Protein chains: 2
Amino acid sequence: MAEPMYWRIAQDLRHEIEGGTLRPGQQLPTELELREKYGASRNTIRDAMKWLASRAMVDSRPGQGTFVAEHRDTFVTTLSADIQTGRGGGEGLAADAEISARGHRAAVDPPRVELQRAADRIAERLRVAAGSLIISRHQARYIDGAPWSLQTSFYPMDLVTRGAQGLLLAEDIAQGTVTYLHETLGLIQVGYRDTILVRPPDQNEAGFLGLPDDGRIPVAVIIRTGYADSPDGPDPFRVTVSVFPADRNQFVMNSGAVPGDLAGPAKRPNAMTNCPGRMRH
Amino acid sequence: MAEPMYWRIAQDLRHEIEGGTLRPGQQLPTELELREKYGASRNTIRDAMKWLASRAMVDSRPGQGTFVAEHRDTFVTTLSADIQTGRGGGEGLAADAEISARGHRAAVDPPRVELQRAADRIAERLRVAAGSLIISRHQARYIDGAPWSLQTSFYPMDLVTRGAQGLLLAEDIAQGTVTYLHETLGLIQVGYRDTILVRPPDQNEAGFLGLPDDGRIPVAVIIRTGYADSPDGPDPFRVTVSVFPADRNQFVMNSGAVPGDLAGPAKRPNAMTNCPGRMRH
DNA sequence: GCAAATTTGTTCGTATGTATT
DNA sequence: CAATACATACGAACAAATTTG
């Protein structure tokens with residue numbers, strides 16, 4: 001009796017799910033039925049359900065029942081740019097191209113454009129003074145009609161002053177902003193730095209991406225800082241923050257010579273794949 | 001009264017935590033005290049606590065109390081290799097170098113070496129037949145004495161046959177396996193591909209990394225496939241799977257010309273940073 | 001459209017077990 | 001050993017969402 005009852009019930013159900021007795025999308029027995037099956041109170045059954053729900057293995061719907069979670073197709077985004085194909089980046093044109101190359105349909109809402117004062121974290125990356133004016137362009141992206149990511153790009157106001165008024169227009173920039181800035185100002189992106197982190201979604205993100213509001217599905221955040229050439233070395237001219245649901249997105253980056261094919265999704269291996277025994281630490 | 005009571009209590013405590021009234025490490029009022037403060041039953045208080053705990057905002061310890069979660073230092077790992085400094089990769093020598101450069105102390109357990117039959121997911125990446133012999137080298141890595149990551153590299157048996165017997169030794173390869181294979185076989189890594197994904201930890205990972213066993217802290221997994229030159233194009237010769245706690249690790253990738261400094265951690269921005277209003281979808 | 005039945009969600013009360021101080 | 005504090009478990013009632021008749 002070392003393990004609590006709710007835990008043993010949860011394990012039993014987990015094995016049924018993982019073993020395929022309960023298939024994705026299938027309804028679990030109701031709480032009342034499980035109560036009789038395991039001879040436990042409804043609250044204990046519910047504790048077992050919560051154990052499974054916190055791991056996103058089941059999904060409860062009031063008035064209907066509890067269902068085995070459906071496996072979601074994981075989508076792979078290539079972060080490293082490939083000059084030849086123009087693929088890569090998870091943003092703008094590059095994202096659309098990769099989604100199409102994988103046989104899906106990309107869509108994007110018209111941007112919401114705002115003039116803002118730079119928060120510290122953005123100012124630091126753009127190397128402008130905190131509180132100085134920046135432009136933010138916010139867009140929602142979809143794959144096959146389903147919400148996929150939220151994306152916001154920040155540009156220093158300086159770029160508009162120098163002639164890139166299009167940044168202030170609430171219209172999609174068809175050729176991509178990097179290309180637009182090249183055409184308008186002759187600005188060339190000579191490099192970029194991606195920072196990747198994982199955190200729980202905020203309310204807005206959870207709402208748009210259709211994630212449960214209990215934070216059990218994290219989001220992956222890609223912060224891309226683009227650099228232009230300058231006498232003092234690479235000079236940041238844009239920051240793009242992209243937010244993806246972490247349970248159905250993977251990211252790939254290539255360095256040097258790699259096969260030319262689009263990378264497929266990994267099957268969530270652990271660090272002990274193939275391990276026959278158990279590790280001791 | 002739209003929202004349930006446990007939710008409102010959780011929000012109230014959340015604001016106290018985020019506002020700094022309750023500081024990291026500080027003990028929350030006991031369940032009994034909160035029961036009186038909010039005029040709710042103990043079960044309702046506990047539901048509020050679970051809401052916070054599932055978001056890793058608080059930590060309950062039997063016999064002691066419930067405490068505001070401590071902020072962990074986030075560590076940044078550079079995934080793109082920098083030939084000049086040798087930095088980058090989150091694995092082997094490169095990881096040690098970056099950890100030192102950031103002013104911390106890296107340590108690693110002696111590897112556990114095993115001869116295995118390749119599972120499909122590894123065989124596919126190594127382009128060997130499923131079930132063929134491969135070598136796995138498993139290591140636990142530490143920063144400043146604290147568990148940091150689990151790492152397993154897989155090599156085709158072919159490399160040993162060709163003379164790289166050191167792969168089978170349960171000893172750390174001081175110069176790094178890529179360098180070792182270069183010295184021994186003249187094999188040159190011409191490129192690599194990193195795949196990044198996020199998932200809940202398995203029991204072994206949670207145990208070693210000190211993560212709660214309820215899966216609320218995900219792990220980030222980096223799968224690096226290294227390629228050597230061959231007449232048929234890049235040919236995979238190793239796969240390294242690294243597992244990091246996602247709540248205290250960030251990853252950086254550089255492309256093209258970027259500033260030369262080590263990238264600092266991002267402060268978890270959302271896609272609406274600076275957003276004064278709210279988005280409507 | 002409405003009412004009933006079903007199912008999960010919330011809240012209360014209570015009792016007992018386990019870990020820590 | 002005793003006190004404190006969280007963990008587990010039971011039972012009960014009502015609310016809210018959904019489906020069915």
Side-chain angles (χ1 to χ4, degrees), chain A residues 1-14 17 22 25-70 206-207 210-216, chain B residues 1-14 17 22 25-70 206 210 212-216:
Chain A
M1 282 287 252
E3 311 297 351
M5 192 188 308
Y6 81 91
W7 189 86
R8 294 201 313 271
I9 296 171
Q11 298 312 304
D12 195 51
L13 291 168
R14 176 165 75 95
I17 292 170
L22 291 166
Q26 188 180 343
Q27 181 173 4
L28 271 70
T30 67
E31 292 174 352
L32 221 65
E33 288 167 335
L34 290 171
R35 210 200 66 186
E36 294 182 5
K37 173 173 177 183
Y38 291 103
S41 75
R42 190 179 155 225
N43 279 332
T44 300
I45 297 296
R46 284 180 60 74
D47 280 346
M49 297 298 214
K50 281 176 196 163
W51 192 95
L52 296 166
S54 78
R55 287 160 180 75
M57 302 181 69
V58 301
D59 207 7
S60 288
R61 304 202 272 272
Q64 297 187 51
T66 303
F67 300 81
V68 180
E70 306 261 10
L211 304 176
D213 70 346
D214 61 0
R216 67 177 183 258
Chain B
M1 281 289 250
E3 312 296 352
M5 193 190 307
Y6 80 90
W7 189 86
R8 296 201 311 274
I9 295 171
Q11 300 311 306
D12 194 53
L13 291 168
R14 177 165 75 96
I17 291 170
L22 292 166
Q26 187 180 343
Q27 181 174 4
L28 271 71
T30 67
E31 292 175 348
L32 219 66
E33 289 167 335
L34 290 171
R35 211 199 61 178
E36 294 181 6
K37 172 173 177 183
Y38 290 103
S41 78
R42 192 178 153 231
N43 280 332
T44 300
I45 298 296
R46 283 180 60 74
D47 281 345
M49 297 299 213
K50 281 176 195 164
W51 192 95
L52 296 167
S54 79
R55 287 161 180 74
M57 301 180 69
V58 302
D59 208 7
S60 288
R61 303 201 274 271
Q64 297 185 49
T66 302
F67 301 80
V68 180
E70 306 262 10
D213 70 345
D214 61 0
R216 67 178 183 258

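Side chains are part of it too, since the values below use all heavy atoms of this structure and drop only hydrogens, waters and symmetry mates. The structure presented is a predicted model; accordingly, all values stated were derived computationally and were not measured.
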When rounded to whole Å, the CZ to P distance for the pair Arg42(B) and dA7(D) reads 8 Å
Ordered by number, residues from residues 53-64 of chain B within less than 4.0 Å of DNA chain D (heavy atoms) are Ser60(B), Arg61(B), Pro62(B), Gly63(B), Gln64(B)
Sorted by chain and number, sequence neighbours left out, side chain to side chain contact (heavy atoms under 4.5 Å, CB included) with Gln26(B) holds for Leu22(B), Arg23(B)
Winner on side-chain proximity to Ser41(A), out of dT8(C), dC10(D), dC12(C), is dC10(D)
Across all chains, not counting sequence neighbours, the side chain to side chain donor-acceptor pair (under 3.5 Å) partners of Glu70(B) are none
side-chain hydrogen bond (donor to acceptor under 3.5 Å, both in side chains) pairs touching residues 44-56 of chain B, sequence neighbours excluded, are Glu31(B)-Arg46(B), Ser41(B)-Thr44(B)
Ala206(A) meets the side chain to side chain contact (heavy atoms under 4.5 Å, CB included) criterion, sequence neighbours left out, with Pro201(A), Leu211(A)
Sequence neighbours excluded, the answer for side chain to side chain contact (heavy atoms under 4.5 Å, CB included) partners of Pro29(A) is Glu33(A), Leu34(A)
Report yes if a side-chain nitrogen or oxygen of Thr66(B) is closer than 4.0 Å to either non-bridging phosphate oxygen (OP1 or OP2) of dC6(D); otherwise report no.
-> yes
Per the under-4.0 Å heavy-atom filter, residues of residues 43-50 of chain A near DNA chain D come out as Asn43(A), Thr44(A)
The salt bridge (charged side-chain N to carboxylate O under 4.0 Å, His left out) partners of Arg216(A) (sequence neighbours excluded) come to Asp59(A), Asp214(A)
Side chain to side chain donor-acceptor pair (under 3.5 Å) filter on Asp12(A), not counting sequence neighbours, yields Tyr38(A)
